[in-house]
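Structure first, commentary second.
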Amino acid sequence: MKKFFKKTHRMFKLHRIFIKQDLKRLMEYKVDFLTGAVGMLLTQAINLFFLSIIFSQIPDLKGYTFEKIIFIYGFSLLPKAIDHLFFDNLWSIGYFIIRKGDFDKYLTRPVSTLFAVTVEKFQVDAFGELVVGIAFLCVSIPNVNLDVSFLNILLFIVSVFFATFIFTGVKLITSSIAFWTKQSGNITYMFYMVNDFAKYPTTIYNRALSFIITFIIPFAFTAFFPASYFLGNGNALFNIGGTAMMAVILMAVGIFVWNKGVSSYESAGS
Amino acid sequence: MRKILRIYKPFTHAGFLLAAQYRVNFIFFIFGDILRCFINYFLWHAVFTSGGAKTFMGFSEHDMVVYIFISFLTGIVSYSDGAFAVGEEIRDGSIAMRMIKPIRFEFAFLFQELGERTMTAMIVFVPLMAGVEIYKFAATGVLGFNIWYFLVYLLSLTLSYLINFYFNVCYGYSAFVLKYLWGSNLLKDCIVGFLSGGVVPLAFMPAGLGFVLNLLPFASLTYIPVMIYLGMYDVPTILLSLGLQVFWLAFFIFLQRIIWNACVRHMSVQGG
């Protein structure tokens with residue numbers, strides 16, 4: 001037990017050091033970072049405008065009012081942003097780290113390769129999504145008749161936590177493919193884009209599609225299912241338990257594939 | 001003209017081969033992006049079933065579906081990487097190598113990209129177009145394909161690509177000042193996507209705003225070709241819109257020359 005605490009303590013310490021280092025790098029390109037963040041904010045603002053145009057003509061979308069849609073939308077941004085913040089470097093694995101042979105350096109480090117890779121990048125762009133997500137939730141919560149209790153707040157935190165790992169799991173599995181194919185960024189992109197489906201109620205999609213986003217690429221559990229529990233539909237066991245289960249399964253598969261991949265990794269070039 | 005073609009044909013060929021090399025990557029990307037079209041498709045389907053009305057601000061359901069997919073297709077085919085390529089060369093200094101060669105700087109980029117676009121168009125154009133036409137036939141029961149609208153659409157699409165190219169080259173020159181373009185590129189894509197009607201048809205905008213947006217160059221990128229394809233414009237409007245596109249193309253070609261001539265004197269290349 002004591003050893004375990006010592007180990008986690010060391011990991012957090014390392015993480016802090018890496019974040020500090022990354023922030024320094026960022027300060028070099030301040031203007032670039034700021035315009036990027038404004039771009040992210042604007043993208044979400046445009047989506048909001050898009051939804052408001054739709055709702056200016058119809059009272060509700062298959063039983064979901066404008067406020068409820070905003071709540072689900074805002075919820076979907078939280079796990080996405082947190083994953084983006086901490087695990088963004090997985091993209092680089094699929095796009096170029098393995099292809100260029102840069103993965104070698106992680107093998108020489110005295111921590112696990114997965115930890116070494118993810119800790120290297122602290123993607124501050126994600127704060128744009130995080131801020132918008134929280135803003136959407138704050139705006140919609142007074143209008144959607146939410147039961148704010150201690151238990152629900154706890155469940156909210158739990159579901160955001162696990163939903164984050166659904167994103168990470170999908171990225172982890174697909175970018176590990178690069179250990180065999182050298183490049184898999186586009187595969188990751190294809191699967192990752194499915195997350196956009198989670199922003200809207202799955203009831204608007206047809207049967208086949210809602211099956212896919214519930215059970216195969218389970219992004220519906222990152223937003224719609226947990227959010228609709230808080231909106232008073234569905235039960236905690238399926239909506240939030242499902243999120244946790246999917247996250248655990250995806251991460252387990254992801255870590256397994258990753259370890260397999262690392263052991264069959266061959267460096268590229270000289 | 002013949003001389004120009006002879007000089008720049010190798011660039012087109014190279015671009016074509018480059019795109020062919022990366023076609024598998026490209027197909028995965030397209031799959032990822034097409035998903036977004038399907039989200040919009042289902043969203044609008046739900047809007048039409050929830051609203052109960054036959055039309056939404058003048059668009060019927062199948063107009064909207066065709067709009068989603070054709071605007072996506074137009075965006076893909078008229079996409080230009082000019083800004084990024086120019087910016088990158090300015091940043092790493094390899095632009096110096098281009099300047100010592102007896103070729104027009106922007107033509108080399110243009111012809112290379114034409115080769116790449118040809119490859120892209122071969123992959124996405126036919127299947128998507130066929131899909132949309134089959135959908136239209138299934139939804140309305142009449143064969144709505146009109147060869148004249150289609151040909152005018154192709155013309156408008158070509159103009160749209162050229163405007164996009166020159167606009168992006170102008171924008172790419174901002175790398176002379178900014179050095180890094182990642183952030184502002186994100187911002188630009190977001191603004192241009194919205195103003196060009198890539199998110200919603202400009203007809204849905206409040207009247208005053210919609211009128212202004214129709215005149216801006218961004219409408220020429222996506223909105224005008226798509227509206228022509230949809231058959232929403234009558235003949236005078238089509239002629240007017242094409243005229244507007246030609247005007248913006250001339251404008252950006254001219255602007256590009258001015259910026260280039262002004263910037264090239266201030267350029268300094270580090271290393272080589």
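Not measured: the values here are computed from a predicted model.
Comparing A:F55, A:F49, A:F191 by how many heavy-atom pairs each has under 4.5 Å with chain B, the most go to A:F49. Most heavy-atom pairs under 4.5 Å with chain B, from the set A:K199, A:K62, A:M190: that is A:M190. Of the listed residues (B:V200, B:D189, B:V47), the greatest number of heavy-atom pairs within a distance under 4.5 Å of chain A belongs to B:V47. By number of non-hydrogen pairs under 4.5 angstrom with chain B, the leading residue of A:V194, A:I187, A:I54 is A:I54. Listed options B:I27, B:T49, B:D33 were ranked by heavy-atom pairs under 4.5 angstrom with chain A; first place goes to B:D33. Of the listed residues A:T43, A:L41, A:N206, A:V38, the one with more heavy-atom pairs under 4.5 angstrom with chain B than any other is A:N206.
For B:F56, the part lying under 4.5 angstrom from a heavy atom of chain A is the side chain only. The contact between A:L209 and chain B is made entirely by side chain atoms (from C-beta outward), counting heavy-atom distances below 4.5 Å. Contacts between A:N47 and chain B at a heavy-atom distance below 4.5 Å are absent for every atom of the residue. Interface remark: A:Y205 contributes backbone and side-chain atoms alike to the contact with chain B (heavy atom separation under 4.5 Å). Using a 4.5 Å cut-off between heavy atoms, A:D60 touches chain B through its backbone atoms (N, CA, C, O) alone. There is no contact between A:Y192 and chain B, counting heavy-atom distances below 4.5 Å. Only the side chain of A:S56 has a heavy atom closer than 4.5 Å to any heavy atom of chain B.
The nearest pair of heavy atoms linking A:T203 to A:Y64 is OG1-CE1, 3.9 Å. Here the shortest heavy-atom pairing between B:G58 and B:D63 reads O-OD2, 4.4 Å.
For the 3.5 Å distance criterion, the side chains of A:S140 and A:N143 fail to qualify, holding no donor opposite an acceptor. A:Q123 and A:D88 share a donor-acceptor pair across their side chains, judged by distance under 3.5 Å alone. If you check the side chains of A:T168 and A:D83, you find a donor sitting under 3.5 Å from an acceptor.
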Test A:F179 against A:W258 for ring pair (Phe, Tyr, Trp, His ring centres under 6.0 Å), laying out the working first.
CA-CA 8 Å; A:F179 284 116; A:W258 176 272; 5.1 Å; yes
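Although no hydrogens or angles enter the test, the distance criterion places a donor-acceptor pair under 3.5 Å between the side chain of B:W248 and the main chain of B:L215. Without hydrogens or angle criteria, A:T202 side chain to A:A198 main chain gives no donor-acceptor distance under 3.5 Å. Panel note: side chain B:R36, backbone A:M193; no donor-acceptor pair is recorded below 3.5 Å. The closest donor-acceptor contact from the side chain of A:R99 to the backbone of A:F96 lies at 3.5 Å or more, if one exists at all.
A distance of 6.0 Å or more separates the ring centres of A:Y95 and A:Y189. The aromatic ring centres of A:F87 and A:F167 sit 6.0 Å or more apart.
Against chain B, no residue from residues 71-79 of chain A qualifies, as none has a non-hydrogen atom under 4.5 angstrom away. Residues of residues 211-231 of chain A placed with any heavy atom under 4.5 Å of a heavy atom in chain B are absent; none qualify.
Judged as a side chain to side chain donor-acceptor pair (under 3.5 Å), and not counting sequence neighbours, the contacts of B:N25 are A:N186.
Pairs engaging residues 206-227 of chain B under the ring-ring contact (aromatic ring centres under 6.0 Å, His included) rule: B:F167-B:F218 [sequence neighbours left out].
By the 4.5 Å heavy-atom criterion applied to side chains, A:M40 and A:H84 are counted as neighbours. Using a 4.5 Å heavy-atom threshold, the side chains of B:F165 and B:F109 count as touching.
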